[in-house]
Amino acid sequence: MSEEIAVIPGDGIGQEVVPVAVDVLDAVGDFEFVHADAGDAVKAETGTALPAETREAVEAADATLFGAAGETAADVILPLRSAVESFVNIRPARAYPGVDALRPETDVVFLRENTEGVYAGHEDDLSDDLSTLTRVVTSSASRRLAEFACEFVEAGRGPDGTEGFTVTHKANVMRKTDGRFRDAVVSVADERGVETDEELMDAFATRLPLYPDDYDVVVCPNLAGDVLSDLAAGLVGGLGLLPSANVGEERGLFEPVHGTAPDIAGQGVANPGATVLSAAMLLEFLGYDEDGQRVRDAVEGVLADGPRTPDLGGDATTEQVGDAIIDRL
Ligand code: NAI
Ligand code: MG
């Protein structure tokens with residue numbers, strides 16, 4: 001292994017949890033780390049939240065590990081996702097043993113379209129009274145997402161027992177845009193012989209908390225995936241343990257779902273779990289599946305036996321949890 005990994009801690013607890021994940025990557029592999037800045041602090045210093053060198057480092061790297069940015073989050077994350085040409089955002093939400101979860105049976109992976117929908121950036125103020133937004137859906141991006149979803153399921157990367165995927169949409173109302181999304185996704189799955197079921201996204205939002213066992217892999221348009229995966233986060237015990245991967249054809253950007261946590265930043269007590277699990281996804285993206293699984297097992301072991309950070313009811317520091325994870329590797 002000598003892949004290049006760009007490392008962008010960002011602001012707040014990003015500065016505390018990313019170094020733990022770098023130590024974990026260093027413990028299992030031999031990577032070249034390239035450090036770069038992004039976020040509020042670098043904006044205060046230089047006037048820009050995403051310096052050109054940072055974007056270039058991300059474009060040059062095989063993969064990027066990102067912490068979080070504060071007020072400038074949108075100015076940082078959206079361009080970084082496009083710098084890796086990410087077409088899918090993978091967001092697993094599962095309740096780990098030892099963690100107090102509202103719905104411990106939850107084990108769901110969201111595959112969220114990552115480039116279009118209402119986040120495509122076509123928003124206008126047309127008058128003092130009127131703002132509009134153009135929603136973008138292409139068959140090509142929808143099909144690309146569906147192909148990824150089929151490969152994901154076929155490769156056994158879904159939760160145990162996954163046989164196909166659920167596609168959520170609102171094609172009964174947004175007939176053209178979500179209709180196009182639904183038709184593209186379902187037709188790719190049909191061509192490949194992958195089972196799908198469809199659910200309107202509002203009904204899904206009711207059913208997921210009631211029957212989490214019914215869902216494994218869920219394919220969503222961009223905004224729906226953002227909201228529904230956060231809903232799932234609430235079911236599994238909060239943000240400290242939720243990783244994510246922004247995957248492109250050549251590169252990937254891996255980041256915890258959480259933000260800078262200003263309420264606990266600087267205290268050294270942030271849970272590094274989400275970022276370390278994001279690093280496990282990075283390892284798998286680079287083809288080191290066994291190492292990714294080792295990291296996941298180490299995190300699970302520490303969650304089950306402790307030490308735990310205060311968000312999980314413990315009194316350990318970020319560093320103590322990081323050391324415990326590395327000891328298990
Ligand atoms: P947040 O995720 O930073 O915090 C929400 C709550 O969860 C807080 O009580 C925090 O202490 C807790 N929390 C989050 N991560 C934790 C961890 N690893 N360990 C223990 N507790 C944790 O979300 P919030 O408060 O809405 O946003 C704070 C700032 O972060 C804002 O400036 C926002 O723009 C930014 N943000 C950035 C994101 C990114 O860079 N990807 C994503 C979400 C928010
Ligand atoms: Mg979100």
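Just so you know, ligand 1 is whichever comes first in the structure, and atom 1 is the first atom listed for that ligand. Below, each value reflects all heavy atoms present in this structure, side chains not excepted, and no hydrogens, waters or symmetry copies.
- Contacts with ligand 1 closer than 4.0 Å are made by side-chain heavy atoms of Ile13 only, the backbone lying farther away.
- Asp129 and Ser127 are not linked by any side-chain donor-acceptor pair at a separation below 3.5 angstrom, with hydrogens and angles left out of the test.
- Residue contact check for ligand 1: Asp263 places a non-hydrogen atom closer than 4.0 Å to it.
- Not a single heavy atom of Asp11 sits less than 4.0 Å from an atom of ligand 1.
- With a 4.0 Å cut-off on non-hydrogen atoms, Ala73 touches ligand 1 through its side chain and not its backbone.
- Within the listing of ligand 1, atoms 11 (O), 20 (C), 21 (N) sit less than 4.0 angstrom from a heavy atom of Ile264.
- Among Leu283, Leu282, Leu25, Leu277, the single residue meeting the side-chain contact (heavy atoms from CB on, under 4.5 Å) criterion with Val295 is Leu283.
- Nearest protein heavy-atom contact of atom 38 (C) of ligand 1 is Gly259 CA, 3.6 Å.
- Of the residues listed (Glu249, Glu113, Glu85), the one engaging Arg144 in a salt bridge (Lys or Arg N to Asp or Glu O under 4.0 Å) is Glu249, and it is the only one.
- Atoms of ligand 1 found under 4.0 Å from any heavy atom of Val257, numbered from 1 in the order shown, are 42 (C).
- Under 4.0 angstrom from ligand 1, the non-hydrogen atoms of Glu255 all belong to its side chain.
- Counting non-hydrogen atoms of other residues, nucleotides and ligands closer than 6.0 Å to CG of Asp100 gives a total of 12 or fewer.
- Under the 4.5 Å side-chain heavy-atom criterion for grouping Ile, Leu, Val, Met, Phe, Trp and Tyr, Val257 is not connected to Ile8 through any hydrophobic cluster.
- Only side-chain heavy atoms of Leu239 come within less than 4.0 Å of ligand 1; its backbone N, CA, C and O stay farther off.
- Heavy atoms of Ala274 found under 4.0 angstrom from ligand 1: none, in either backbone or side chain.
- Among Ala69, Ala68, Ala74, the residue whose heavy atom lies nearest to atom 37 (C) of ligand 1 is Ala69.
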